[in-house]
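Take a look at the structure below.
Order of the sequence lines sets the chain letters (A, B, ...), proteins ahead of strands, with each chain counted from 1. Everything numeric in this text was worked out from a predicted model, so none of it was measured.
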Amino acid sequence: MGIKLGSIIPARPVEIAQLRGQRLAVDGYNLLYQFLASIRQRDGMPLADAHGHTTSHLSGLLFRLSALAAEGLRFCLIFDGKPHALKKRVLDERRDRKIKAQAEWEAALAAGDLVKARTKAQQTSRLTPEMVAEAQELLDALGLPWVTAPSEGEAQAAAMMAAGVVDAAVSQDFDTLLFGAPRLLRNLTVSGRRKLPGRQAWVEVNPEELTLAGAIEATQLSHEQLVDMAILMGTDFNPGIHGIGPKKGLKLLRELGSAEAALAKLGHKVDNLDELRQLFLNHPSVEFAPTWGEPRRGRVMELLCERHGFSRARVGTALEKFTQPPPPMGQQATLGDF
DNA sequence: CGAATCCA
DNA sequence: TGGATTCGG
């Protein structure tokens with residue numbers, strides 16, 4: 001899930017139109033998980049085909065990527081590889097939360113509380129290897145490149161940006177910046193206003209851009225010091241110091257300059273400090289230069305329509321968006337322009 | 001979630 | 001017509 005850095009790192013809103021022509025490295029699990037959690041029916045069940053196989057992730061992937069491809073954005077998906085042994089604690093916690101949510105979902109359904117049921121159902125979301133494999137098959141059929149990282153996908157995306165083969169990383173997690181990605185896009189969706197499942201409430205979710213340079217300027221900390229601050233707060237690889245969040249973490253690093261100094265002052269010890277630092281500053285990655293191709297209509301139709309019962313008309317409309325030229329730059333044409 | 005549809 | 005609601009699989 002990553003680190004809570006939203007309060008101390010500046011974000012600037014970006015328009016989709018400003019991203020035309022850019023190559024974006026998307027955190028694949030992050031994206032599929034969001035679809036799996038959010039594309040659900042009122043009782044909380046995900047979309048499924050006639051055989052009961054979940055299709056929310058495929059629906060989300062096709063319609064999100066086609067809508068953004070129509071705006072001229074190009075995507076490369078990055079999937080996590082083998083998690084580091086130190087991530088076990090986080091993964092175990094995640095699994096336990098899902099088991100608990102499963103029971104609460106069933107209880108809410110039995111009590112007839114559909115709103116609560118949906119919320120709990122979302123928390124049970126689990127991406128299976130089959131779902132990931134089918135999403136990758138869809139990407140192949142769409143002509144979109146993807147790569148599996150040796151370990152953390154966010155580090156792979158950062159390395160690809162450094163190599164100049166993509167222009168930005170797309171993820172909800174701030175960790176991407178700690179892995180050294182110069183530029184991170186969050187909330188990259190099509191529509192702005194989003195209704196909360198509860199009741200009469202909406203939230204604005206607009207795409208925003210964060211940069212490592214912006215984080216460094218705002219905090220007056222180096223990249224290495226930002227990593228030290230995160231280690232004090234707790235990361236996916238270490239539990240952190242109880243009571244240290246973004247505010248105190250920033251203050252400590254500003255005043256003392258390093259995790260060692262901060263730990264000494266707090267009377268705490270982190271045995272594997274250097275190993276933790278290296279996980280962010282020198283994470284393994286592979287060389288990968290993405291290339292983009294045309295969608296193979298037959299393959300997409302076979303996968304989505306024949307195998308999973310998607311509407312041929314809806315899939316056809318989505319496919320056209322990959323080949324249609326993007327609208328011209330600048331403000332949208334209105335009737336007044338004619 | 002995005003697309004399609006509904007309706008003041 | 002566009003904001004709210006429902007559908008999709």
Item to check | K321(A) vs dA3(B): side-chain N/O to OP1/OP2 distance below 4.0 Å | outcome: yes

Item to check | Length of the line joining F35(A):CZ and dA3(B):P, which is rounded to integer Å | outcome: 11 Å

Checklist entry - Is there a donor in the side chain of T235(A) and an acceptor in the side chain of N238(A), or the other way round, less than 3.5 Å apart? => result yes

Checklist entry - What do the steps show when you test H283(A) against F179(A) for ring pair (Phe, Tyr, Trp, His ring centres under 6.0 Å), and what is the final call? => result CA-CA 8 Å; H283(A) 203 91; F179(A) 283 112; 5.3 Å; yes

Item to check | Any R42(A) side-chain nitrogen or oxygen under 4.0 Å from OP1 or OP2 of dT6(C) | outcome: yes

Checklist entry - Is there a donor on the side chain of Q41(A) or the base of dG8(C) sitting less than 3.5 Å from an acceptor on the other? => result no

Checklist entry - Rounded to the Å, how far apart are R118(A) CZ and dT6(C) C1'? => result 12 Å

Item to check | Sugar-phosphate, base or nothing in reach of S311(A), heavy atoms under 4.0 Å | outcome: sugar-phosphate

Checklist entry - Is it the case that one hydrophobic cluster holds both L250(A) and L210(A), taking links as side-chain heavy atoms less than 4.5 Å apart, direct or via other members? => result yes

Item to check | Between H308(A) and E134(A), a side-chain donor and acceptor under 3.5 Å | outcome: yes

Item to check | Protein-nucleotide distance (L47(A), atom CG; dA3(B), atom C1'), rounded to Å | outcome: 12 Å

Item to check | Nearest-nucleotide pick for I39(A), side chain only, options being dG8(C), dG9(C), dG2(B) | outcome: dG8(C)

Checklist entry - When the distance from CZ of F310(A) to C1' of dG8(C) is rounded to whole Å, what number comes out? => result 8 Å

Checklist entry - Base, sugar-phosphate alone, or nothing: which one does S56(A) contact when heavy atoms must sit under 4.0 Å apart? => result nothing

Next on the checklist: Please classify the nucleic acid contact of S38(A) as base, sugar-phosphate, or nothing, using heavy-atom distances under 4.0 Å.
Outcome noted: base

Item to check | Atom-pair distance (CG on L304(A); P on dG8(C)), nearest Å | outcome: 16 Å

Next on the checklist: Measure CZ/F63(A) against C1'/dA3(B) and give the value in whole Å, please.
Outcome noted: 7 Å

Item to check | For atom CG of D43(A) and atom P of dG8(C), their distance in whole Å | outcome: 15 Å

Checklist entry - Between R64(A) and dG2(B), is there a side-chain N or O to OP1/OP2 distance below 4.0 Å? => result yes

Checklist entry - Taking the six-membered ring of F237(A), is NZ or CZ of R89(A) closer than 6.0 Å to its centre and within 45° of its axis? => result no

Item to check | Protein-nucleotide distance (L61(A), atom CG; dA3(B), atom P), rounded to Å | outcome: 13 Å

